[in-house]
Amino acid sequence: MKKLVAFFVFAIFLFSSFQVMGIASSQSTSYYYITTSSPKYSIVPGSQFVEPLPSNYSIPFAILLNFTQYSSLISITNQIIQHKANYLSPGEFRSEYYPSQSYKEALVKYLQSYGIVETGDYGLILTFNGTVGEIEHAFNTYINVYYYPYQNLYWYGLVGFTNIGPFYYYTNNVTPSLPYNVGKYVLGIVGIDNLDPHVYPAIETSWEASMTHQAQSPGIISNVIVTPSVVASYFNFTKLYERGFLGKGVSIAIEGQPEGYINESDIYAFWNEYAIVPHTGKLNVISLGNVAISQSGENELDAEWSGTFAPASNIYVVFSNGYVGGPSLVGNLLNYYYEYYYMVNYIDPQVISISVTVPESFLSSYYPAMLYMIHNMMIQAVDEGTAVLAASGDWGFESDNPPPNFHIGTYNTIWYPESDPYVTAVGGIFLNVTANDTVYSATGWDYSTGGISTVFPAQPYELTSLIPFTPPVQRTYPDIAFVSAAGYNITEYGFGLPLIFQGQLFLWYGTSGAAPMTAAMVALTGERLGALNYALYHISYSGIILTPHGIVQGMPAWIPITKGANPLPAHYGWNFVTGPGTYNAYSMVYDLRLYNEIASL
């Protein structure tokens, strides 16, 4: 019961619009308590106190800043979603809702008075270095060493990560606080604990694309390669191209694997080899920093397939490589966040495609400030008219084992930001093809992740959905589905989709491809759509569309998927494998444009 009460308090806190973290008054000073850095999240249950961390031990840390005027922000966001207010430019958003420079200077000056040194300013992230003693005095807390004696790490009463302990770590044991005038826009602190070296490698394993060389593992390799042109023809992209819908002037921003890089020549080679329509858009690779450790097949896949399906769109891949704060503070989650920050402030794309994500329940249990920071970027994206799509994951229904294993009850595979209310989670379907490369069926992909958020309640678009069986109790996903695996005479987790990597042909599977292909479909509308789910859930199977200004008749764009399982079954109506289903690209673009046109009247 205690755990249930704690979670309920956390959920209520999250949806109070982050307005007040905690304020206590004395006769002379008001203090702002930074509850996202409290013992509730920092000390792992079952840990044993060892000793205080030496006061002269030096620690790099970061302060994460919140938006200002949060009530006003939520109000304008709702108006924008309902098309009652215009989209904001990045400059307008920063001017209205970012903390002022004078506020940041006052915060820095306060910390400097305790001997703490500022090491960087990254917009909403300020980085510092201080000794334990300086940090304890400035934030009114204590930092101790603890021992975690168990092998597995738990959250929400269930196994999260296995075989990562026992280990020692340090963290604060008293909720940090600051004088109200300098603390009022602090969303959280990261770095005053060092839990992340133990858990972060387990997260990073989910960031690698599932791909194999064509010459390997013949039992799961299709001897028929399912090319983009086959997919485009079957799902009616080609009719869009014939009518001039190529995504010209539209930018698709791809969130990069932190500390990764790509070979641009691979992407151009793919665009030349598998072009449906010659690619005329530009490829832009942005690397923030210079710590590039590994070549990202994941992001080459994203760029290759999104650029092929939206041939006139400009593709941006953004890597944050050792850029934020220097030392790793929460793995490279700050880098991961900074990519979103850069996109919404300096690229201002029409569409963002995400394939590198983090378990939602891990963030909400141990690093809620990071979840709030990313959620804030999703709000800014919506307010600027950017549609955000994210791969639902390749793990099935709430399991934490790669295919073909299922361990139902292991509760850490609802991914974030897929579960964010303002993000469209893209699940997977499997294409069966014949020996002559003809698609003869589409089924729900068995490893398409679906599930129920541990953080967010049911959203307005879910409560008013025109899709039968949409769950009304919590935020659930996926929200749409597309091709994640395909081939002839192979198992569901086999390889049949092409990727050029390091100059060679590889084959892949995963919802990592479904997200950029669907992002390309959205780009073909040529318009800013913002919070995409509000349109998707208000397009019925029959083509009736519920807009903010009433009902209109569009085209039947959804293709319900009634076969496949993850292991919950796909069926007519909303399901945990494909959400509402997959789509006819021509009809969906028509409906999205019609929704946007009517809603904007």
Side-chain angles (χ1 to χ4, degrees), residues 90 122-125 203-204 206-209 250-262 267 283-289 292-307 310 313-324 330-360 363 370-371 373-382 384 386-394 415-420 422-426 510-520 522-523 532:
Y122 304 95
L124 293 174
I125 301 174
I203 294 175
E204 289 184 299
S206 68
W207 289 4
E208 296 296 329
V250 174
S251 295
I252 301 174
I254 294 170
E255 162 257 355
Q257 180 176 331
E259 299 173 7
Y261 66 93
I262 58 177
I267 296 168
L283 173 64
N284 307 271
V285 180
I286 298 166
S287 184
L288 307 169
I293 297 173
S294 61
Q295 185 175 345
S296 175
E298 176 65 64
N299 293 126
E300 293 199 7
L301 164 65
D302 296 344
E304 288 175 3
W305 282 77
S306 63
S313 293
N314 298 317
I315 308 297
Y316 291 79
V317 185
V318 181
F319 292 102
S320 186
N321 294 336
Y323 187 72
V324 179
V330 279
N332 45 22
L333 280 178
L334 291 182
N335 295 42
Y336 175 71
Y337 156 82
Y338 197 76
E339 293 176 5
Y340 298 128
Y341 172 89
Y342 186 92
M343 289 175 185
V344 298
N345 281 292
Y346 302 109
I347 299 176
D348 193 21
Q350 283 84 351
V351 190
I352 291 175
S353 178
I354 301 169
S355 297
V356 179
T357 61
V358 183
E360 181 207 75
L363 287 183
M370 291 307 308
L371 187 148
M373 287 286 281
I374 297 171
H375 178 64
N376 278 350
M377 291 300 98
M378 300 303 111
I379 292 175
Q380 185 170 349
V382 165
E384 294 174 6
T386 299
V388 183
L389 300 96
S392 75
D394 306 340
W415 298 92
Y416 190 79
E418 287 89 329
S419 66
D420 195 281
Y422 299 128
V423 174
T424 298
V426 186
T511 55
S512 298
M517 281 188 267
T518 302
V522 173
L532 185 63

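A quick note: this is a predicted structure, and the numbers were derived from the prediction, not measured.
Taking each heavy atom of Val351 and Ala519 in turn, the nearest pair found is CG1-CB, 3.6 Å. Residue Ala387 comes nearest to Leu532 through the heavy atom pair CB-CB, 4.4 Å, listed as atom of the first residue, atom of the second, then distance. Contact record, Ser320 with Asn335: O-ND2, 3.0 Å, taken as the closest heavy-atom pair. When all heavy atoms are compared, the tightest approach of Ala523 to Ile252 is CB-CD1, 3.8 Å. Across all non-hydrogen atoms, the minimal contact from Ser251 to Tyr316 is OG-CE1, 3.6 Å. The heavy-atom pair separating Ile374 from Pro417 by the smallest distance is CG2-CB, 4.1 Å.
Applying the side-chain hydrogen bond (donor to acceptor under 3.5 Å, both in side chains) rule to Ser419 yields the partners Glu360; only residues at least two apart in sequence or on another chain are considered. The side-chain hydrogen bond (donor to acceptor under 3.5 Å, both in side chains) check on Ser306 picks up nothing, with sequence neighbours excluded.
Looking only at distances, a side-chain donor or acceptor of Glu339 sits under 3.5 Å from a matching main-chain atom of Gly256. Counting only distance, with no hydrogens or angles, the side chain of Asn299 and the backbone of Glu255 share a donor-acceptor pair below 3.5 Å. Checked by atom type and distance alone, the side chain of Tyr261 never pairs as donor or acceptor with a backbone atom of Asn321 at under 3.5 Å. Between the side chain of Glu384 and the backbone N or O of Asp348, no donor-acceptor pair lies under 3.5 Å. A donor-acceptor contact shorter than 3.5 Å is absent between the side chain of Ser296 and the backbone of Ile262. With hydrogens and angles ignored, the 3.5 Å screen pairs no side-chain donor or acceptor of Asp420 with any backbone N or O of His375.
With Thr424 as the fixed residue, the side-chain contact (heavy atoms from CB on, under 4.5 Å) test singles out one of Leu389, Val388, Ile354, Thr518: Leu389.
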- [ ] Step by step, work out the side chain to side chain contact (heavy atoms under 4.5 Å, CB included) result for Tyr337 and Leu124.
- [x] CA-CA 10 Å; Tyr337 156 82; Leu124 293 174; 3.5 Å; yes
Open item on the list: Using side chain to side chain contact (heavy atoms under 4.5 Å, CB included), reason through Met343 and Met377 one step at a time and then give a plain yes or no.
Closed with: CA-CA 9 Å; Met343 289 175 185; Met377 291 300 98; over 6 Å; no
Open item on the list: Using the rule given for side chain to side chain contact (heavy atoms under 4.5 Å, CB included), can you reason through Met370 versus Leu334, listing the C-alpha separation, both sets of side-chain angles and the distance that settles it, and then say yes or no?
Closed with: CA-CA 8 Å; Met370 291 307 308; Leu334 291 182; 3.8 Å; yes
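Once rounded to the nearest 0.5 Å, the distance linking CG of Leu283 with CD1 of Ile315 reads 7.5 Å. Atom CD of Glu304 and atom CE of Met517 lie 11.5 Å apart (nearest 0.5 Å). Distance check, rounded to the nearest 0.5 Å: CH2 of Trp415 to CG of Asp394 gives 9.5 Å.
Side-chain contact between Leu333 and Met373 is absent, with no heavy atoms from C-beta onward closer than 4.5 Å. Proximity of Ile286 to Ile347: side-chain heavy atoms (C-beta onward) are separated by under 4.5 Å at one or more points. Looking at Leu288 and Val318, their side chains come closer than 4.5 Å, going by heavy atoms from C-beta outward.
Ring geometry for Tyr340 versus Tyr336: interplanar angle over 60°, hence perpendicular rather than tilted (30 to 60°). Note on ring orientation: taking the six-membered ring where Trp is involved, the planes of Tyr122 and Tyr323 are perpendicular (angle over 60°, cut-offs 30° and 60°).
Asp302 and Ser353 share no donor-acceptor pair across their side chains, judged by distance under 3.5 Å alone.
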